[in-house]
Structures are given as C-alpha cells and as structure tokens.
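Here's the structure, in structure tokens; my notes come after.
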Amino acid sequence: AEASRAHHAGRFDVAAERYDEAARTAKVPRDSVRAKFEAAIARAHAGDLARASAELRAIADAKPKNAYSAQAAYKAADLAWQRDPATGFG
C-alpha cells in the first residue's frame with residue numbers, strides 16, 4: 001500500500017524501493033514477481049530506464065515463465081523503443 005501511494009504521488013524512486021521491499025518479504029512467489037514488476041515500472045517513471053529495462057528483461061526471461069513474463073517483455077521492448085525509436089525496425 002505504501003509503494004502504491006508513493007507511486008500515485010509521483011515519488012517513483014520511493015515507490016521502487018517500497019516495491020523492492022515488498023518483493024523481498026512476499027510470502028507468495030507471484031506476489032514477489034508482481035512487486036518486482038511494479039518496482040521496474042516505477043524506476044522507468046523515475047527515469048532510470050537502464051535499470052528498469054534490465055529488471056523487466058529478468059522477469060521476462062525467468063524460467064519457468066510467470067504471470068508477468070509477457071507483460072514484462074512487452075514493457076522492456078517499449079522502453080527500448082522509447083530510448084531508440086529505430087529499435088525493432090530492421
């Protein structure tokens with residue numbers, strides 16, 4: 001709840017830290033993955049696109065796949081395109 005409030009208040013760096021904490025303390029693996037995903041999104045909003053992209057790729061590439069794999073892959077590709085619009089066009 002604290003992470004979500006920080007995110008909605010525009011304090012994305014704080015939100016990312018709180019989501020990281022939630023991921024570490026989650027009792028259910030799916031909750032941990034969701035918190036990691038939200039942390040990466042908050043970092044992207046804070047402007048740390050490199051770290052956000054790396055974290056999203058890690059979620060997307062996790063074995064076995066998880067409930068956020070596809071969404072993380074899509075968002076990582078979107079961030080890559082935002083940094084370089086030529087990405088993906090060949």
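The figures that follow rest on heavy atoms only: side chains count, while hydrogens, waters and symmetry mates do not.
Heavy atoms only, all atoms of each residue included: Ala60 and Lys65 are closest at O-NZ, 2.7 Å. Ala16 and Ala42 get closest at one heavy-atom pair: N-CB, 3.8 Å. Of all non-hydrogen atoms in Ala39 and Asp20, the two that sit nearest each other are CB-OD1, 3.3 Å. Ala40 approaches Ala52 most closely through the heavy-atom pair O-CB, 3.2 Å. Scanning all heavy atoms of the two residues, the minimum distance from Ala76 to Arg57 falls at CB-CD, 3.8 Å. Taking every heavy atom of both residues into account, Ala15 and Ala3 meet most closely at CB-O, 3.5 Å.
For the atom pair Leu49 CG and Arg83 CZ, the distance stands at 6.0 Å (nearest 0.5 Å). One finds the CD1 atom of Ile41 at 6.5 Å from the CG atom of Leu79 (value rounded to the nearest 0.5 Å). Rounded to the nearest 0.5 Å, atoms CD1 (Ile59) and NZ (Lys75) are 12.5 Å apart. Interatomic distance, NZ of Lys27 versus OG of Ser32, reported as 12.0 Å (0.5 Å rounding).
By the salt bridge (charged side-chain N to carboxylate O under 4.0 Å, His left out) test, Glu2 pairs with Arg18, sequence neighbours left out. When the salt bridge (charged side-chain N to carboxylate O under 4.0 Å, His left out) test is applied to Glu17, no partner is found at least two apart in sequence or on another chain.
Here Asp31 does not pair with Arg34 in a salt bridge; the nearest charged N to carboxylate O distance is not below 4.0 Å.
Between Arg43 and Phe12 the shortest side-chain heavy-atom distance does not fall below 4.5 Å. Put simply, the side chain of Lys36 does not reach to within 4.5 Å of the side chain of Tyr68, judged on heavy atoms.
A continuous path of ILVMFWY side-chain contacts below 4.5 Å connects Val33 to Leu56, so both sit in one hydrophobic cluster.
Judged by distance alone, with hydrogens and angles left aside, the side-chain atoms of Ser69 form a donor-acceptor pair with the main-chain N or O of Asn66 at under 3.5 Å.
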